[in-house]
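Report on the structure given below.
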2 protein chains.
Amino acid sequence: MTTSKQPRQSGSGRGQRVTIADIARRAGVTPAAVSLAVNGRSGVSDATRERIMAIAAELRWEPSPAARALAGAPVLTVGMVLARPAEVLGTEAFFGAFVAGLQEVLSRRDYSLQMKIVETTDAEIETYRRWFAQRRVDGVVVVDLRQDDPRIPALEDLGLPALVVGGPGHHGSLPSVYVDDAHATRLLVDHLAGLGHRRLARVAGNEDFLHTLLRDRAFTERCAELGIDAITQDAGFGTRGAEVATAALLARREPPTAIVFDSDEMALAGTHVLEEAGSRIPEDVAVASYEDSALTRTHRPPITAIGRSAIEYGRVAATRLLEVIGASRNRRGSSAESVQESRAIEPVLVVRDSTRPEGAAPAPAVPEASDAGLPSS
Amino acid sequence: MTTSKQPRQSGSGRGQRVTIADIARRAGVTPAAVSLAVNGRSGVSDATRERIMAIAAELRWEPSPAARALAGAPVLTVGMVLARPAEVLGTEAFFGAFVAGLQEVLSRRDYSLQMKIVETTDAEIETYRRWFAQRRVDGVVVVDLRQDDPRIPALEDLGLPALVVGGPGHHGSLPSVYVDDAHATRLLVDHLAGLGHRRLARVAGNEDFLHTLLRDRAFTERCAELGIDAITQDAGFGTRGAEVATAALLARREPPTAIVFDSDEMALAGTHVLEEAGSRIPEDVAVASYEDSALTRTHRPPITAIGRSAIEYGRVAATRLLEVIGASRNRRGSSAESVQESRAIEPVLVVRDSTRPEGAAPAPAVPEASDAGLPSS
DNA sequence: CTGAAAGCGCTTACAG
DNA sequence: CTGAAAGCGCTTACAG
């Protein structure tokens with residue numbers, strides 16, 4: 001339907017809006033009956049329910065979220081606060097895609113996402129406190145999990161339904177979804193070791209983040225198990241750090257023959273440094289990334305990466321949070337167990353030319369499809 | 001302050017929340033007086049106002065957005081709906097940064113941003129209709145402006161405050177902010193012509209968008225004025241189209257010596273095709289982009305681009321929308337003129353090595369700073 | 001299965 | 001400058 005053909009709203013907004021009282025009058029019932037009917041609750045006969053619904057549709061009634069919220073119903077909004085410089089949203093491909101995945105699931109359930117960018121973790125916690133006090137959101141999704149994260153006890157205290165993105169561990173009694181970083185690390189190390197590499201380096205992102213620590217640990221452990229050299233080079237935030245770190249690796253007496261970067265952007269930045277130094281990829285040095293995106297796919301050579309689809313990650317997180325919110329509303333002591341349970345997303349390795357010896361056949365294991373559904377156990 | 005040290009909320013949310021009635025009781029006034037005081041309106045003496053504010057703070061009172069909205073106050077939320085595949089959010093660096101800019105200004109004014117992703121333009125319009133009917137938002141920002149855009153009359157009909165991102169023109173009576181694409185085009189063409197190029201090509205994005213049309217027109221016109229060849233190659237959405245388009249350009253009897261891409265991602269994709277074909281940049285073919293980002297900066301060679309900072313764009317849009325919302329609340333016939341006025345953002349050209357002849361000195365005109373404030377006339 | 005009532009927390013005229 | 005009241009549009013017990 002073309003909206004320009006729709007009948008104009010009478011009064012153009014100002015003035016009388018349609019309420020359940022109007023519907024009730026027309027249907028010859030009380031407003032309470034209308035409420036029961038439109039919310040699909042028992043208490044009205046099927047016949048009256050249908051009549052009420054028809055009238056509601058005819059009158060183009062829209063429920064008032066404010067009135068519903070004031071009367072105690074859920075506000076149908078979930079929140080997410082980012083304690084990061086605003087630039088990151090634009091820079092890190094992960095966030096955009098993650099948000100898109102969240103939105104997709106939330107929209108379908110008539111929920112909306114409210115976002116806020118703040119400067120510090122204290123400000124983030126204060127935002128949760130206010131959102132909760134104002135009943136602005138039904139729940140929140142928490143990202144950028146850290147060790148001993150102060151947000152966890154704060155949220156536990158508040159009792160605001162929350163889903164933690166990150167783990168395993170360090171999320172207290174809150175439910176979480178996470179990609180198994182130790183597993184991802186093993187996939188990468190094993191792949192490179194299988195190609196004959198004996199000196200691996202990892203260019204590591206922000207060391208405050210839990211996943212950085214988990215990767216550090218797994219990287220060192222796995223390399224030790226396989227009896228190969230492991231170099232971890234800290235790069236901090238952003239592409240600049242990755243460039244410096246890569247240069248530092250090249251300057252070593254014995255440079256690594258393969259480098260794994262913590263993000264797609266870091267991998268690109270590092271690759272450029274390698275190329276400028278005359279290193280060929282993958283002949284002189286193999287390159288892989290913990291983060292997949294359009295960038296790794298489009299690059300020449302295409303870069304081998306862990307395919308945790310950020311969109312799918314967002315979808316899983318949203319689904320999980322809605323479960324948590326639902327459970328917290330129906331808590332008749334029916335157990336919080338199932339709610340607190342965490343969910344792991346299995347990482348898969350997408351092998352591309354940046355680690356593929358010239359002329360080798362494409363690895364058949366994983367199709368190149370950009371958004372193949374990841375298994376969510 | 002560390003939040004874990006904060007006193008726990010009594011009752012942990014369930015049960016009694018602090019209301020203006022509580023404050024009124026403690027202060028020995030009526031709830032109405034409290035309302036006036038906390039909202040900074042006249043009607044209470046300074047002494048009582050101060051006393052009330054102190055008590056509110058002490059009781060950690062938080063206003064109820066639902067109650068306020070129900071009583072007719074603004075809901076302090078603006079909406080943005082994207083009728084695009086969810087992937088775009090993650091793929092296009094522009095959107096993430098634009099949203100970050102929006103957030104920054106909105107947060108400061110205690111507004112929040114509500115986003116929704118839909119499939120079609122009709123669904124987008126339907127969303128506006130519902131948001132308006134439900135009083136869910138105080139206003140909306142409209143992106144991806146097209147020619148004869150059906151959203152414009154729909155929003156005009158509704159009377160929902162809206163800010164259009166795009167133009168000039170084609171936004172009806174709604175206010176808009178836009179980057180002057182004709183101007184940007186002239187900057188690019190003049191720069192390349194000044195370097196001696198006589199055969200320019202433009203790899204054009206989605207032709208549905210108004211800015212694509214404006215660029216098409218300006219590109220052809222300017223090249224004609226300068227007496228040089230202009231080739232416009234349509235590429236549609238995404239990187240794949242840019243690759244095909246670039247290959248097509250290379251296959252011409254007389255390939256262009258310079259190519260301008262409609263986005264940073266397209267420029268990268270095209271560049272890779274050029275390099276694979278053995279073209280050196282900028283020696284064999286110069287490359288430039290209408291869109292700047294971390295990608296163009298990090299690439300080797302760094303890519304010349306139009307520096308419309310997406311973050312700044314978002315900031316300007318948010319500021320403008322809040323003005324519009326404010327004006328629509330105070331409309332005492334005080335004129336909608338100042339409200340409808342559009343605002344142009346001046347494009348600047350950031351020259352980098354992708355168009356710079358080997359050995360040439362860096363162009364001094366524009367500093368490389370990533371987020372230098374753009375002049376907003 | 002239905003009806004009448006109270007209440008959610010605020011704002012806004014309207015009298016004093 | 002202050003007080004008492006009505007009303008925003010719902011939902012939720014609580015009687016019939």
Side-chain angles (χ1 to χ4, degrees), chain A residues 13-52 55-56 59-76 130 132-136 138 329-330 332, chain B residues 11 13-52 56 59-76 130 132-136 138 329-330 332:
Chain A
R14 225 75 349 231
Q16 58 288 35
R17 60 177 290 166
V18 179
T19 73
I20 56 171
D22 299 319
I23 301 173
R25 209 172 306 122
R26 280 259 242 146
V29 297
T30 64
V34 176
S35 175
L36 294 178
V38 298
N39 288 308
R41 309 168 124 254
S42 59
V44 285
S45 66
D46 287 356
T48 35
R49 179 187 308 276
E50 274 177 32
R51 191 154 41 90
I52 288 170
I55 294 174
L59 261 40
R60 296 178 143 274
W61 172 78
E62 293 285 351
S64 157
R68 282 189 159 165
L70 192 55
V75 293
L76 300 185
R130 293 191 59 204
F132 178 76
Q134 302 186 341
R135 282 204 70 227
R136 251 190 192 277
D138 295 322
R329 298 218 113 233
N330 309 352
R332 329 189 175 279
Chain B
R14 232 49 18 215
Q16 59 287 35
R17 59 175 292 165
V18 179
T19 73
I20 57 170
D22 299 320
I23 300 172
R25 208 173 305 122
R26 281 261 244 145
V29 297
T30 65
V34 175
S35 175
L36 294 178
V38 298
N39 288 308
R41 312 170 120 252
S42 59
V44 285
S45 66
D46 285 357
T48 32
R49 180 188 307 276
E50 274 178 33
R51 191 155 41 93
I52 287 170
L59 259 39
R60 295 179 144 274
W61 171 78
E62 293 285 352
S64 158
R68 283 189 159 167
L70 192 56
V75 293
L76 300 185
R130 293 191 59 205
F132 179 76
Q134 300 185 345
R135 282 204 72 225
R136 253 191 189 275
D138 296 322
R329 298 218 112 232
N330 307 353
R332 330 189 176 280

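Letters A, B, ... are given to chains in the order of the sequence lines, protein chains preceding strands, and every chain is numbered from 1.
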(request) Could you pull out all residues at least two apart from A/R49 that satisfy side chain to side chain contact (heavy atoms under 4.5 Å, CB included)? (result) A/A37, A/V44, A/D46, A/M53

(message) Using every non-hydrogen atom in the two residues, find where A/G43 and A/L36 come nearest and quote the distance to one decimal.
(response) CA-CD1, 4.1 Å

(request) Please state how far atom CZ in B/R41 lies from atom P in D/dT2, giving the value in whole angstrom units. (result) 16 Å

(request) List the protein contact pattern of nucleotides 3-8 of chain D with one symbol per nucleotide (5' to 3'): B for base contact, S for sugar-phosphate-only contact, - for none; contact means a heavy-atom distance under 4.0 Å. (result) SB--BB

(request) Look at all strands and tell whether A/T48 reaches a base, only sugar-phosphate, or nothing, counting heavy atoms closer than 4.0 Å. (result) sugar-phosphate

(message) Output the rounded distance in Å from CZ (A/R135) to C1' (C/dC10).
(response) 15 Å

(request) Would you please name every residue forming a side chain to side chain contact (heavy atoms under 4.5 Å, CB included) with B/R136, sequence neighbours left out? (result) A/P65, A/L76, A/T77, A/S112, B/Q114, B/W131, B/Q134

(request) Nearest-nucleotide wise, let me know which of A/E62 and B/S45 is further upstream toward the 5' end of DNA chain D. (result) B/S45

(message) Going by side chain to side chain contact (heavy atoms under 4.5 Å, CB included), name the residues that satisfy it together with A/A56, two or more places apart in sequence or in a different chain.
(response) A/I23, A/W61

(request) Kindly point out which of D/dT2, D/dC10, D/dT11 is positioned nearest to the side chain of A/S64? (result) D/dC10

(request) Using whole Å, report how far CG of A/L76 lies from P of D/dG9. (result) 19 Å

(request) Quick one: label B/V34 by what it contacts on the DNA or RNA (base, sugar-phosphate, nothing), any heavy atom closer than 4.0 Å. (result) nothing

(request) Under the side chain to side chain contact (heavy atoms under 4.5 Å, CB included) rule, collect the residues that match up with B/A24, sequence neighbours excluded. (result) B/V29, B/P31, B/V34

(message) Expressed as a whole number of angstroms, how long is the span from A/I52:CD1 to D/dT11:P?
(response) 12 Å

(request) Please confirm whether the backbone N or O of A/A27 pairs with a side-chain atom of A/R51, one donor and one acceptor, at under 3.5 Å? (result) yes

(request) Determine which pairs satisfy salt bridge (Lys or Arg N to Asp or Glu O under 4.0 Å) with at least one residue from residues 23-41 of chain B, sequence neighbours left out, and list them in order. (result) B/D22-B/R25, B/R26-B/E58

(request) Could you check how far CG of B/N39 sits from P of C/dA13, rounded to whole Å? (result) 14 Å

(message) So that I can compare with my own list, what are the stems of DNA chain C, taken as at least three consecutive Watson-Crick or G-U pairs with distances under 3.5 Å?
(response) C:1-3 with D:14-16, C:5-12 with D:5-12, C:14-16 with D:1-3

(request) Any pair with a residue in residues 61-75 of chain A that passes salt bridge (Lys or Arg N to Asp or Glu O under 4.0 Å), sequence neighbours left out, goes on the list, sorted by first then second residue, please. (result) A/E62-B/R129, A/E62-B/R130

(message) With a cut-off of less than 4.0 Å, is there a side-chain N or O of B/S35 near OP1 or OP2 of C/dC10?
(response) no

(request) Please identify each residue that fulfils side-chain hydrogen bond (donor to acceptor under 3.5 Å, both in side chains) with B/S45, with sequence neighbours left out. (result) B/T48

(request) Take the protein atom CG of B/D46 and the nucleotide atom C1' of D/dC1, then report the distance between them rounded to whole Å. (result) 11 Å

